[in-house]
Amino acid sequence: MSEDNDEMVVTPWEVRGKVDYDRLVEQFGTQLITPQLRERLTRAAGGSHFLLERELFFSHRGLDWVLDMYDRGVKFTLYTGRGPSGEVHLGHLVPWLFTKWLQDSFDTRLYFQITNDEKFWFEQGLSFEKVQQLADENILDIIAIGFDPEKTFILRDVEHIDLMYEIAVQVAKRVTFSTARAVFGFDNSMNIGGIFYPSIQAVPAFLHSWLTGERTPCLIPCAIDQDPHWRVTRDVAEKIGYYKPATVLSKFVPGLLEGGKMSSSDPMSGVYTTDTPALIRKKIMAAFTGGRTTVKEQREMGGVPEVCSVFSFFKFIFMPNDRELAELERKCRGGELLCGECKQMLAPRVVEFMEHHREAREEARERVHEFSASRLREEIRR
Ligand code: TRP
């Protein structure tokens with residue numbers, strides 16, 4: 001592999017090379033979630049979450065501040081989002097499941113942004129019709145997670161721009177082209193929609209405050225590649241009369257192929273919510289593992305869970321029970337459990353999870369309006 005291919009590039013629009021999370025945290029200037037902070041969040045939430053314990057969510061900005069405010073009786077709202085540029089896979093569902101846990105634990109509103117404008121502006125060759133069709137489908141996956149309909153507002157940028165534009169205008173005035181270029185790497189070939197776009201992604205962080213006229217803290221659970229947006233958003237927040245949004249940031253969910261994350265550019269790397277059971281089994285059987293070349297070697301030396309995609313699937317999705325996971329790891333390292341057997345154990349869990357998700361997804365078709373942000377129009381203070 002050439003050095004070029006190996007070089008780490010992480011932006012909101014591209015993730016390439018081997019991701020070194022320590023370096024990324026340093027580059028971006030975010031904080032690591034310390035054991036004490038994790039403990040604090042767990043206590044406030046009234047229970048732990050395995051994605052926090054296992055450090056998939058590992059970094060943050062201002063999470064300690066949100067908890068300070070919470071301790072003083074000031075509640076926060078949640079904000080996350082989805083760019084409808086393709087179908088949804090497990091790597092997308094994982095942070096959403098964590099977001100649901102936050103919503104349930106803190107009984108709070110969630111603003112969920114669907115960036116149909118962004119994907120039209122940023123993805124070459126994606127028609128607006130296609131983006132809209134993907135947005136419709138992606139929204140079903142979001143609803144299927146089980147968010148509280150009373151407290152969840154799915155905002156489609158194009159359709160709900162009237163709810164967002166006033167804030168976007170405020171943000172846009174305070175971000176220069178030179179900042180946008182430095183933070184996002186825009187060059188002269190970027191269309192002007194793309195240059196304006198970061199002001200739209202900032203909006204939901206302030207929307208609750210704007211609607212209610214009461215400054216409200218906002219917590220954004222998302223993958224760390226979105227951090228450049230929050231840097232800009234936090235920078236302008238106080239200048240336009242709002243609190244800086246806080247973030248809780250995840251690593252990328254590892255995919256089924258060697259090294260990488262689940263990526264839309266390689267369908268075999270991830271399990272999609274539209275995959276048939278047969279295709280799911282096929283992908284798992286073809287997955288990269290930390291196994292040895294021969295059974296004899298594996299019996300003697302054991303497997304290597306830290307590089308194994310099947311182990312990651314258990315760790316970050318399908319085995320929330322710590323004791324069960326420790327036992328799996330022990331058997332793998334000891335050469336007791338072979339990769340084939342391990343895959344046979346994983347496959348039915350994934351198939352069952354997806355079957356359940358698919359049912360919820362079909363039921364969601366009738367319920368899209370219940371989650372629509374258009375309800376917020378009645379809340380605008382006149
Ligand atoms: N830009 C994100 C994407 O491409 C979509 C998004 C908008 C988002 N707002 C967000 C993601 C807030 C996480 C949190 O997928």
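Note that this is a predicted model, so its numbers are computed, not measured. First listed ligand is number 1; within each ligand, the first listed atom is number 1.
- At a heavy-atom cutoff of 4.0 Å, ligand 1 is contacted by the side chain of Tyr79 but not by its backbone.
- Each of the atoms 5 (C), 7 (C) of ligand 1 lies under 4.0 Å from some heavy atom of Thr115.
- Counting only N and O atoms by type, the side chains of Thr30 and Ser59 include a donor and acceptor under 3.5 Å apart.
- For atom 15 (O) of ligand 1, the nearest non-hydrogen atom of the protein is Gly83 N, 3.2 Å.
- Taking the six-membered ring where tryptophan is involved, the planes of Tyr242 and Phe206 are essentially parallel, since the angle between them stays under 30° and well short of 60°.
- In this structure, of Gly81, Cys222, Ala223, Pro12, the residue bringing a heavy atom nearest to atom 10 (C) of ligand 1 is Gly81.
- When each atom of ligand 1 is checked for a heavy atom of Glu118 under 4.0 Å away, the hits are 1 (N), 2 (C), 3 (C), 4 (O), 5 (C).
- His357 and Asp141 form a side-chain donor-acceptor contact under 3.5 Å, judged by distance and modelled atom types alone.
- A centroid separation of 6.0 Å or more is found between the aromatic rings of Tyr79 and Tyr111.
- Residues Phe371 and Ile142 are not in side-chain contact: their nearest non-hydrogen atoms beyond the backbone lie 4.5 Å or more apart.
- Between Gln226 and ligand 1, a contact under 3.5 Å exists for at least one N or O pair.
- Interface atoms of ligand 1 facing Trp230, defined by a heavy-atom separation under 4.0 Å, are 12 (C), 14 (C).
- Between Tyr197 and Trp121, the ring planes are perpendicular. Angles over 60° get that label, and only those under 30° would be called parallel.
- Of the candidates Gln113, Lys119, His92, Glu123, the one placing a heavy atom closest to atom 7 (C) of ligand 1 is Gln113.
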